[in-house]
Amino acid sequence: MKIGLKDRRLEIYEDFIRGARIEDITEKYGISRISVWKFSKKLEDLGYIVERGRKGYRIAGKPDPSPFDMALSVRNIPGIDEFYYFHEIDSTNRFAKENERCAVFAEEQTKGKGRVGRRWESGRGGIYFSISLNLNIPIADIPKITLTGGLAACKTLENYSARIKWPNDVLINGKKVCGILSEFVGEELSAKIVMGIGINVRNKIPENLREKATSLAEIDPDVTITDLFDKLCRYLGSYLRMFPNRWDEILEEWKKLSDTIGKQVEVAVGNQKYVGIAVDIDRDGGLMIDRDGEIVKVISGECFYTNY
Ligand code: BT5
């Protein structure tokens, strides 16, 4: 389902939430009573409960996730025109790479992607979300986009004491609950950036990942995808408005939520391994590692903690 962010249905949906009078709706938009009724039927097909009183229509119950609330949330992200909602897709990043200025959500992914060809387990009940942005930034800035997405996700999960592990993981109680995958499409400076965010909400974590992965429902059984998604979009919106001019402030906030700084790490970059203490993140988003007094910088890689 595609919902344009300027789509009138979004306004009518908000009127339904408020329990507006039918006459007011038909007058406001110059549409017939039957169109209003048809839209209310469509909402019912999607799992909403619509009360039809003598005076008007009112939303009395919502599915979770609620596509129309999510489209309203996406309006907080600058540079997005359309919201696509899928029950199932191969990968929201794949879709976002092929479409412009869009946000894509799926209830489940059949080929969810991690970094360097890895798989992202994407059972029904999680958040699988990608945005396609026309940011004219050099390819060297991609790590910054990943850190920005990680910060937005970590802030979203702040009530659960989430922390960020460099470069792209959000952890709760030391276990991964969220991963970010940023991709660069096209030519430098006229490129499109796709940022994908996966959050385990009430999707099942496969047995082989239980040691190192967790889901929010394990901690908070009442958590809803719609509320989390709203927070995520608001944080993404505010940090993306700060990007790239106020990057230093984003980085400072990231550091406050860092799980990695101060830890003993081993970072694998291709065949190379860097072992030492993570001491800082530099302005490019690289990890600074102290190897017995010698500081080395790593721009991307797989980071393992080695002191426990
Ligand atoms: C990531 O890769 O963490 C990036 C994940 C990005 C997923 C989103 S979902 C929306 C969008 N569309 C996509 O197709 N992808 C993005 P990486 O750092 O490579 O971590 C992958 C590793 O994390 C795997 O090798 C597993 O060990 C582990 N893993 C896989 N699925 C997981 C899950 N659901 N929760 C926690 N850990 C998982």
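Sequence positions, counted from 1, serve as the residue numbers for this chain. Just so it is clear, the values below take in all heavy atoms, side chains as well, and ignore hydrogens, waters and symmetry mates. Just so you know, ligand 1 is whichever comes first in the structure, and atom 1 is the first atom listed for that ligand.
Distance check: Leu135 CG to Ile193 CD1 gives 6.0 Å after rounding to the nearest 0.5 Å. Taken from CH2 in Trp247 to CH2 in Trp254, the straight-line distance is 9.0 Å, to the nearest 0.5 Å. For the atom pair Leu209 CG and Glu121 CD, the distance stands at 5.5 Å (nearest 0.5 Å). Here CZ of Arg124 is found 7.0 Å from CD of Glu88. Values are rounded to the nearest 0.5 Å. The distance from atom SG of Cys178 to atom CG of Asp169, rounded to the nearest 0.5 Å, is 8.0 Å.
For the pair Asn200 and ligand 1, the shortest N or O to N or O distance falls below 3.5 Å.
When only non-hydrogen protein atoms are considered, atom 4 (C) of ligand 1 lies nearest to Ile180 O, 3.5 Å. Of all protein heavy atoms, the one lying nearest to atom 26 (C) of ligand 1 is Leu209 CD2, 3.8 Å. Nearest protein heavy-atom neighbour of atom 31 (N) of ligand 1: Glu121 N, 2.9 Å. Ala213 CB, 3.4 Å is the protein heavy atom nearest to atom 36 (C) of ligand 1. Scanning the protein for heavy atoms near atom 27 (O) of ligand 1, the closest one is Lys212 NZ, 3.0 Å. Taking atom 8 (C) of ligand 1 as the reference point, the nearest protein heavy-atom neighbour is Gly198 N, 3.6 Å. The protein heavy-atom contact nearest to atom 30 (C) of ligand 1 is Arg119 O, 3.4 Å. The single protein non-hydrogen atom nearest to atom 1 (C) of ligand 1 is Asn168 ND2, 3.4 Å, given as residue, atom name and distance.
Comparing Trp120, Phe129, Tyr128 against atom 5 (C) of ligand 1, the shortest heavy-atom distance belongs to Trp120. Between atom 3 (O) of ligand 1 and the options Lys97, Arg94, Lys176, the minimum heavy-atom separation is to Lys176.
Contact annotation for Glu302 and ligand 1: no heavy atom of the residue comes within less than 4.0 Å of the ligand. Residue contacts with ligand 1, taken as heavy atom pairs separated by less than 4.0 Å, involve Arg118 solely via side-chain atoms from C-beta onward. Here Ile197 has backbone heavy atoms under 4.0 Å from ligand 1, and that is the only part of it that gets that close.
A donor-acceptor contact closer than 3.5 angstrom is absent between the side chains of Ser66 and Thr226. Side-chain atoms of Asp230 and Ser73 form a donor-acceptor pair, as typed in the model, at a separation below 3.5 Å. Side-chain atoms of Tyr13 and Asp69 include a donor-acceptor pair closer than 3.5 Å.
Counting atoms of ligand 1 from 1 in the listed order, those under 4.0 Å from a heavy atom of Thr92 are 10 (C), 11 (C), 12 (N). If you number the atoms of ligand 1 from 1 as listed, the ones under 4.0 Å from a heavy atom of Gly114 come out as 2 (O), 4 (C), 19 (O). Atoms of ligand 1 found under 4.0 Å from any heavy atom of Ser130, numbered from 1 in the order shown, are 11 (C), 12 (N). Taking every non-hydrogen atom of Lys113 and a distance limit under 4.0 Å, the qualifying atoms of ligand 1 come out as 5 (C), 6 (C), 7 (C), 13 (C), 14 (O), 15 (N), 16 (C). Ligand 1 places these atoms under 4.0 Å from at least one heavy atom of Gly112: 14 (O).
Of the residues listed (Lys144, Arg283, Lys255), the one engaging Asp248 in a salt bridge (charged side-chain N to carboxylate O under 4.0 Å, His left out) is Arg283, and it is the only one.
Not one N or O on the side chain of Asp282 forms a donor-acceptor pair closer than 3.5 Å with the backbone of Lys297. Asp290 places no side-chain N or O within donor-acceptor distance of the main-chain N or O of Ile277, the cut-off being under 3.5 Å.
Contact check on Lys41 versus Glu44 returns a salt bridge, with a Lys/Arg side-chain nitrogen under 4.0 Å from an Asp/Glu carboxylate oxygen.
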